[in-house]
Amino acid sequence: MEDAYARSVSEVLEFFAVDPTKGLTDLQVTQHAHSYGKNVLPQEKSTPFWKLVLKQFNDLLVKILIAAAFISFFLALANGETLLSAFIEPSVILMILAANAAVGVITETNAEKALEELRAYQADVATVLRNGCFSILPAADLVPGDIVEVSVGCKSPADMRMIEILSDHLRVDQAILTGESCSVEKELDATTATNAVYQDKTSILFSGTTVVAGRARAVVIGVGSNTAMGSIRDSMLMTEDEVTPLKKKLDEFGTFLAKIIAGICVLVWVVNIGHFSDPAHGGFLRGAIHYFKIAVALAVAAIPEGLPAVVTTCLALGTKRMARLNAIVRSLPSVETLGCTTVICSDKTGTLTTNMMSVSKICVLHSLNNGPMNSEYVVSGTTYAPEGFMFDSLGAQLEIPAQYPCLLHIAMCSALCNESVIQYNPDKRIYEKIGESTEVALRLLAEKIGLPGFDTMPSALNMLSKHERASYCNRYWESQFKKVSLLEFSRDRKMMSVLCNRKQMEIMFSKGAPESILSRCTNILCNDDGSTVPLSAHIRAQLEAKYNSFAGKETLRCLALALKRMPMGQQSLSFDDENDLTFIGLVGMLDPPRDEVRNAILSCMNAGIRVIVVTGDNKTTAESLCQKIGAFDHLGDFTGFSYAASEFEELPALQKSMALQRMTILSRVEPSHKRILVEALQNQNEVVAMTGDGVNDAPALKKANIGIAMGSGTAVAKSASDMVLADDNFATVVAAVAEGRAIYNNTKQFIRYMISSNIGEVVCIFVAAMLGIPDTLVPVQLLWVNLVTDGLPATAIGFNKQDSDVMKSKPRKVNEAVVSGWLFFRYLVIGAYVGLATVAGFIWWFVYYDNGPKLPYTELMHFDSCSTRETDYACSIFSDRHPSTVSMTVLVVVEMFNALNNLSENQSLLVIPPWSNLWLVASIIFTMILHILILYVQPLSALFSVTPLSWAEWTVVLYLSFPVILIDEILKLFSRNSGIRFSFRFRRADLLPKREIRDK
């Protein structure tokens, strides 16, 4: 029954044909169970482990690498190598791929936990009326039409329509659904609001919400998937994980690279068809296999197999830095997504505010001299810590607030008309509350006012331990006054009272809604001398005006406090006693904005990021908070920038699109609205970060490009999110965005570094094949360069420092290529030099080296016919390890110098010197030590087919390697000063292949 909230109690009972005094019969239970199903959230089939593993290998580059690994293995066996030696090369590739697959499987497994944890919010049992008898049954056995009784502490086992309140009132905590910081009062009347949201359906108890006060009976109207919890589950199932911008670009780049690799491999093989029959190969087929092996080596050289591992490592380094900022990353790729975030949709309660209700203003009557005059005080302190000061209307701090009669009696009333608790948690090192937020705020007010009679009161309180200080003043008043009788809060009176005894004196303290308290007051306490005077119509009008100002313009939650001297010896209270009260004062409280939020939002604006405040509160409250924050002053009026969710839904499509582009506040939202908002923004190509803490936020968190859960939030929200804020602070989101941008910049730098290195390897093999000279490098040497010498410096580039202006530029576009036109040209030039230098080292050893064979260049080109001709040198010279060792060392050293080029995209090494990133310097030193080890330690040198080099050979290596720095410095100079940007006419403006993609 979807509209039960709009129907009367009798209509709902008639719909389910149930007698509220007897409940359903066994026959009806059977019929309803058959019609509506069981009251459980259906178990969702999880993806089999083997499918998750296979999914990680569904990448074109990975498939090419796997194919290359197996081909090289079988070719090695065909050439007569042993099984062990043939397996060395492919095993290294497969191990790297397996490590990356493991990371992917862990990430996807975490995502499925959110659905499982949603079940934790379902009630286990329920008190049910059937066949005229109450019994406790498993919640799963409930059917629509069942009559259920709930009381304090009970979870609602299903969606239910209230039919009878068995206490003065019923309050329910439905924060997991709406995010509201305060409990909600429920009533029996039907809701008349159109387009009603959860907050409007005051006659409905939603599944999973908890009763915090009162007792009631209700009829079940929805079970299983047809409940509020069920709709959240369905939304989460409908939401598919979004591919991050970097992953999308890397996938496109991989596709492009695969095509290039395939083209070059085929070209190398086809160009050398004429050499297949050379005698050195021992036949056409063996020649074909030989050049096929070169093509495979070329594929291994071209694919940066270390790239996934290095990207993962760099993102992991970023998450470590972000953890220090209180941002705990659950999904590694989301780190990079932060860098291109264009819109942050932020919860109000707990993220922009402290979610700690506190008294901010007090109004009392100062005196009647020269006419009635009110005194207004401002109270500082926005947390549960008993810390804060009081200031008068001129801004002067009150040294001892308790010496003022009205403030003193406000402290007494706040401490005694109170059932809440404040305590210090030594493990978390924070003050925590138990009870209603408004009562906790009054407890704190009593602590801030302090105690009378001690000149050293403020400093004396500060000398207490945190545990003692938490409620010291409250405990003092509770020890001075003995509570005798209590009149609980009720909806019709809108107030509560407590009778206290002190030194043969009976006093009743009352607190409640200002209109209720004021209407029952006949006297008022003066703050200047503590006298009691009649409450005249003029004074009453002034207080009502002040109340309207507090509650209206300033959107404060207001309470009025009063007292009454009672007859000696009275031991109980009646409702009639709550008349002829003496008004003490008016207190206004709010959930205050965090101090650091204003600067954080301004930082977002400077960085081109729009902030949308999303809240379940009403429109006026949300707008008032934004005014208090002070970051939206430039908007002036919120007209056209602030919408209630129902208003936004009713807008025509064109106006809705325009509203999205200007929206700053969306109020009165429920779970579906958040998800719709995220989808609408993504359809406008926005990259959306969404914050949330409740179960209700999970679908939107999962749908957003990056979902950010609160550390204090529910397990469901955390499981559905990509990142968790340990301190629930919006400023932490902004710091994480800055870190995300820096991480992307570093990621971009090492991707470019690895690409330029791999271009060098491809050029090396391609040029050697074209020139017809022997293989400059063997596959195992290429693997060494790719996995070890490339990987370490590339990872260290991730430690490059964050640019000082990282939050002064607009977010990068999602479709921005990792390597675009001019940069691709730069790295093509660098890569070409790396490859040519490597080949030059090889040729130098044969042709020019004094201790080498000093062969004519033509002899080197015709090496494969050596055995068929008479020569004045031994053909075994072409099997010497020295020339390939020189080539490999040139390749390693030139790439170390190239790593230094990547300290910055455009800044010279004179501006950003190597020691600005000591990790990079250390990685270069460590890499060179590893390289020297494989040259000079015997088992390793044999494994990698290398040999020790002489000083003369090392000198030439350095001569050939160092110019790469000079070349890149010249290219950087062009980038900085001349503003040259070569527009290469690829199929797209960037180097990636053209295909339809959905950019968000």
Side-chain angles (χ1 to χ4, degrees), residues 1-42 122-123 125-151 154-166 170 172 174 177-178 184-209 211 214-234 670-672:
M1 190 175 188
E2 293 184 359
D3 63 343
Y5 62 88
R7 303 278 190 96
S8 66
V9 171
S10 58
E11 284 180 300
V12 176
L13 293 173
E14 186 181 342
F15 180 85
F16 290 110
V18 59
D19 182 343
T21 61
K22 295 181 180 179
L24 296 175
T25 63
D26 290 338
L27 178 61
Q28 285 178 306
V29 169
T30 305
Q31 291 173 341
H32 288 197
H34 180 74
S35 301
Y36 300 107
K38 294 199 72 175
N39 184 31
V40 291
L41 293 178
Q122 292 177 285
V125 294
T127 304
V128 187
L129 176 65
R130 285 181 183 173
N131 301 309
C133 298
F134 276 103
S135 58
I136 297 176
L137 298 176
D141 293 345
L142 288 181
V143 296
D146 265 327
I147 305 296
V148 177
E149 187 168 304
V150 293
S151 56
C154 290
K155 277 184 184 174
S156 178
D159 279 8
M160 305 189 295
R161 169 67 162 90
M162 300 259 293
I163 60 171
E164 184 180 3
I165 296 178
L166 304 174
L170 186 83
V172 176
Q174 52 188 41
L177 282 179
T178 63
V184 177
E185 186 159 350
K186 295 294 181 177
E187 53 192 28
L188 299 179
D189 298 336
T191 302
T192 56
T194 55
N195 297 324
V197 296
Y198 286 143
Q199 294 93 322
D200 299 323
K201 299 173 184 177
T202 51
S203 60
I204 303 294
L205 300 178
F206 297 106
S207 61
T209 59
V211 177
R215 183 165 150 258
R217 285 181 190 167
V219 59
V220 176
I221 57 170
V223 295
S225 296
N226 297 315
T227 61
M229 267 320 153
S231 64
I232 289 173
R233 171 190 170 275
D234 293 342
E670 59 179 33
S672 59

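Basis for what follows: all heavy atoms, side chains included, without hydrogens, waters or symmetry-related copies.
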Give me the atom names and distance for the closest heavy-atom approach of [X] to [Y].
X	Y	result
P20	L13	CG-CD1, 3.8 Å
L24	F16	CD2-O, 4.2 Å
V211	S151	CB-O, 3.4 Å
A228	S207	N-OG, 3.9 Å
G145	V18	O-CG2, 3.4 Å
G37	V223	O-CG2, 3.9 Å

- Message: Does either side chain, that of N226 or that of D159, offer a donor lying less than 3.5 Å from an acceptor on the other one?
- Response: no

With a 4.5 Å heavy-atom cut-off, do [X] and [Y] have their side chains touching?
X	Y	result
N131	D26	yes
V143	T30	no
R161	V9	yes
D141	N39	no
V148	P157	yes

Inter-residue atom distance [X].[atom1] - [Y].[atom2], 0.5 Å rounding:
X	Y	atom1	atom2	answer
H34	H32	NE2	NE2	12.0 Å
I204	S156	CD1	OG	9.5 Å
S8	L188	OG	CG	11.0 Å
K22	C133	NZ	SG	11.0 Å
Q31	T25	CD	OG1	7.0 Å
E149	L166	CD	CG	5.5 Å

- Task: Walk me through it: do E187 and T202 pass the test side-chain hydrogen bond (donor to acceptor under 3.5 Å, both in side chains)?
- Result: CA-CA 6 Å; E187 53 192 28; T202 51; 3.3 Å; yes

- Would M160 and V150 satisfy side-chain contact (heavy atoms from CB on, under 4.5 Å), going step by step from the backbone distance to the final call? CA-CA 11 Å; M160 305 189 295; V150 293; 3.9 Å; yes

- Message: Under 4.0 Å between a side-chain nitrogen and a carboxylate oxygen: does that hold for R130 and D146?
- Response: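 Yes, this pair counts.
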
- Message: Suppose we screen for side-chain contact (heavy atoms from CB on, under 4.5 Å). Which residues come up paired with L129, at least two apart in sequence or across chains?
- Response: F134, I147

- Message: Could you go through F15 and V12, starting from their C-alpha distance and side-chain angles, then the distance that decides it, and tell me whether this counts as side-chain contact (heavy atoms from CB on, under 4.5 Å)?
- Response: CA-CA 5 Å; F15 180 85; V12 176; 5.6 Å; no

